[in-house]
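All chains are named by letter (A, B, ...) in the order of the sequence lines, taking the proteins before the strands, and each is independently numbered beginning at 1.
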Number of protein chains: 2
Amino acid sequence: MPGGKIAPKAVVGRVSLYLRQLESYQRQGLTTVSSSQLGDPLSIKNAQVRKDLAFFGQFGHAGIGYRIGELIGVLRHIIGVDRDWPLVLVGLGNLGRALLKYRGFRTRGFHIVALFDNDRSKIGANHDGLVVEPIESLGRIVAQHDIRLAILAVPADAAQGVADQLVARGIRGILNFAPVSLLVPPGVNLVGVDLSVQLQNLVYKVQQSQGEVSCAG
Amino acid sequence: MPGGKIAPKAVVGRVSLYLRQLESYQRQGLTTVSSSQLGDPLSIKNAQVRKDLAFFGQFGHAGIGYRIGELIGVLRHIIGVDRDWPLVLVGLGNLGRALLKYRGFRTRGFHIVALFDNDRSKIGANHDGLVVEPIESLGRIVAQHDIRLAILAVPADAAQGVADQLVARGIRGILNFAPVSLLVPPGVNLVGVDLSVQLQNLVYKVQQSQGEVSCAG
DNA sequence: TAGATTGTTAATCGATTAACAATC
DNA sequence: TAGATTGTTAATCGATTAACAATC
């Protein structure tokens, strides 16, 4: 791939979807796909698929398409999921406990290796074989397992404080479920997943596609 | 607002974030914000904020900024969350049960009024005062409560089948947590939340900001 | 070969940004 | 008034698309 050149933001948002779709085709027993077969279920045009993939290198075969096994390997390497990632989970409320049990993470190489909570009453509790640690143990455990990623599932008003501690202890990426925008220093990466925001976006779409039909314009 | 004119896709993705930020400022006791104050925490430029809001109408006051209470009201109306939305939850695995208990939905006017599952052994169980119904009761309950929205938290391989049933029973918007791309007819709206995809996007960012530094280019 | 499909170009389209007159 | 901040313009930037020669 082009030595370190940075992929356009729009491309980055799609490669994981390509990977997911390819894995689905592989489970179905297919061995090759065309750019149309790959893009259609994702509502992405075939030209877009080819351009996105071409950014990273020449993986296709004219007249054939893409070899699924080959492309899965390439994309996994590009994304960085061709290896296991240990991570910590902070916050053991309803959402945190669900994320801990969520099988989708494990099957994709994400392993939660430690749990943390601010709430004194939750510390020491055992969840699926892991004991909830006080936030003070964060530095030791992060160093011990060389952990770079954290899932943040604490209440909104605690999120920034916890994020600061995560950053101070060496965490380089945070998947944030708290409904707030976090401030982190450069070099620390954030992905925010605000479930209410997603649901609101859905409501907006539903409204548009119904009632709000025509009227003027 | 301009009679039914459709907002650019990019704008739609930001209005819920503006609303969330405004509510946060309101809790802090502020009564006005400038476009910079609103955009900065979200890493959105002030010109962008003004342009986004101006799309829907003139809500700002030169020299002052935006009145928070006023703008919250306007945005809630635009998004469609100035009223309550009943919704159904399908799938009572770990994630489904967590979403049911998630307080963030309730506080924003989203009320889960019925639960469904394919799994015979889960039907009849009581969760937080709601009884899990067989999927066959979907039509009756959707009609009864005039429900338009569904949260889909079933395994990947069941998702499309359930989505088809939801659509057939009149659901117009689906928040899909299953890690598959669903196919739905026009007029039905989808928002997909694939937690593993989000985590993979985070890994990609972390890799970029570290190891992959320079090399050529 | 004939048919299919790539990688890439050039054209279009939409989104972002800086700048500033108008306004309070 | 002086200072702050809007709404909007015009310029830039990036993303999408159609089309097609090259390839298997």
Which pairs count as side-chain hydrogen bond (donor to acceptor under 3.5 Å, both in side chains) when at least one residue sits in residues 95-106 of chain A, sequence neighbours excluded?
A/N94-A/R97
Please identify each residue that fulfils salt bridge (Lys or Arg N to Asp or Glu O under 4.0 Å) with A/R169, with sequence neighbours left out.
none
In chain order, what residues pass the side-chain hydrogen bond (donor to acceptor under 3.5 Å, both in side chains) check against B/N46, with sequence neighbours excluded?
B/S36, B/R50
Quick one: what's the B/S/- string for nucleotides 12-24 of chain C, heavy-atom cutoff under 4.0 Å, read 5' to 3'?
---SBBBB---BB
Could you give the CZ-to-P distance, from B/F56 to D/dT8, as a whole number of Å?
14 Å
At less than 4.0 Å, is any side-chain N or O atom of A/Y66 found next to OP1 or OP2 of C/dA4? Yes or no.
no
With sequence neighbours left out, what residues match A/E23 under salt bridge (Lys or Arg N to Asp or Glu O under 4.0 Å)?
A/R76
Are A/S196 and A/Q200 close enough that a side-chain donor and a side-chain acceptor fall under 3.5 Å?
no
Report the residues that fulfil side-chain hydrogen bond (donor to acceptor under 3.5 Å, both in side chains) with B/Q58, sequence neighbours left out, ordered by chain and then residue number.
none
Symbol by symbol from the 5' end, with Watson-Crick or G-U pairs under 3.5 Å, [ ] crossing and | another strand, DNA chain D is ..||||||||||||||||||||||
Show me the pairs that pass side-chain hydrogen bond (donor to acceptor under 3.5 Å, both in side chains) and involve residues 179-195 of chain B, at least two apart or across chains.
A/R20-B/D194, A/Q21-B/S181, A/S209-B/N189
Provide the full list of side-chain hydrogen bond (donor to acceptor under 3.5 Å, both in side chains) pairs with a residue in residues 109-118 of chain A, sequence neighbours left out, each pair given once.
A/D84-A/H111
What is the distance, to the nearest angstrom, from the CG atom on B/D40 to the P atom on D/dT5?
12 Å
Name each donor-acceptor pair under 3.5 Å that joins a side chain in residues 61-74 of chain A to protein atoms two or more places apart or in another chain, with its distance.
from  : atom 1 : to    : atom 2 : distance (Å)
A/H61 : NE2    : A/R67 : NH1    : 3.1
A/H61 : NE2    : A/E70 : OE1    : 3.4

Partners meeting salt bridge (Lys or Arg N to Asp or Glu O under 4.0 Å) with A/R172 (sequence neighbours left out):
none
Let's see if you get this right: which residues in residues 21-38 of chain B place a heavy atom under 4.0 Å from DNA chain C?
none
